[in-house]
Undergrad: 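Supplied in structure tokens, the structure appears directly below.
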Amino acid sequence: MVLTDIATAPVRASIAGYLLGALALLLGVSILGNVLLWSARDRALLAAQERDQARDAARICSDATEDLRDLADARGREAKAAQASARARSVDAGRRATQEIAMPPAVSGDDYASARARLDRWQAGRAQP
């Protein structure tokens, strides 16, 4: 039996070497697969985080845009009210100017005294609320 064992020992060693080599190769492939899977998982997680951050930024931007739209609408309403008030004052001022121009000179023959009288009337009109 010793001769048989000696004769088959190189074959067994060779088979064991192949098995170890195959196991090492399988282990290497497994490690490489895990690395690739982890890498893919990490990329997917990173992409999901970036997507969520972009979605949050878009939501914040959208909310700010809506706030600006509301502010612009409010200012537009205020401006229309101010324009209507200014238009009314303008019509009144135009009416008073036409009336003042149509009046004959306060002091005939003295332009300075007439201008002074007009100025006094104008200042009295400004002092009224």
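Numbering starts at 1 and runs along the sequence shown. For the numbers below, each heavy atom of this structure counts, side chains included, while hydrogens, waters and symmetry mates do not.
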Undergrad: When rounded to the nearest 0.5 angstrom, what distance separates CD1 in I60 from OG1 in T65?
TA: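 Spacing of CD1 (I60) from OG1 (T65) equals 11.5 Å.
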Undergrad: Got more than 12 heavy atoms from elsewhere within 6.0 Å of CG, D111?
TA: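 Open: at most 12 neighbouring heavy atoms sit under 6.0 Å from CG of D111.
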Undergrad: When you measure from the side chain of S90 to the backbone of A86, do you find a donor-acceptor pair of N or O atoms at a distance under 3.5 Å?
TA: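 It does not hold such a pair.
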Undergrad: Any chance the side chains of R89 and S85 put a donor and an acceptor closer than 3.5 Å?
TA: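 There is such a pair (donor and acceptor under 3.5 Å, judged by atom type) between the side chains of R89 and S85.
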Undergrad: R118 and S114: side-chain hydrogen bond (donor to acceptor under 3.5 Å, both in side chains), yes or no, with the steps?
TA: CA-CA 6 Å; R118 280 187 177 179; S114 294; over 6 Å; no
Undergrad: Quick one: CG on L119 to OH on Y112, what's the gap to the nearest 0.5 Å?
TA: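 If I round to the nearest 0.5 Å, the distance is 9.0 Å.
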Undergrad: Find the distance between CG (L27) and CG (L20) and round it off to the nearest 0.5 Å.
TA: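 If I round to the nearest 0.5 Å, the distance is 11.5 Å.
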Undergrad: Identify whether the distance between the nearest side-chain nitrogen and carboxylate oxygen of R59 and D63 falls below 4.0 Å.
TA: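 No, this pair does not count.
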Undergrad: Show me the donor-acceptor pairs, under 3.5 Å and distance only, between side chains in residues 28-54 and residues at least two apart or in other chains.
TA:
{"from": "N34", "atom 1": "ND2", "to": "S30", "atom 2": "O", "distance (Å)": "3.4"}
{"from": "S39", "atom 1": "OG", "to": "R43", "atom 2": "NH1", "distance (Å)": "2.7"}

Undergrad: With a 3.5 Å cut-off and sequence neighbours excluded, list the donor-acceptor pairs that the side chains of residues 75-84 form with protein atoms.
TA:
none

Undergrad: Flag yes if more than 12 heavy atoms outside R121 fall under 6.0 Å of its CZ atom; otherwise flag no.
TA: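 Counting neighbours around CZ of R121, more than 12 heavy atoms of other residues, nucleotides or ligands fall under 6.0 Å, so yes.
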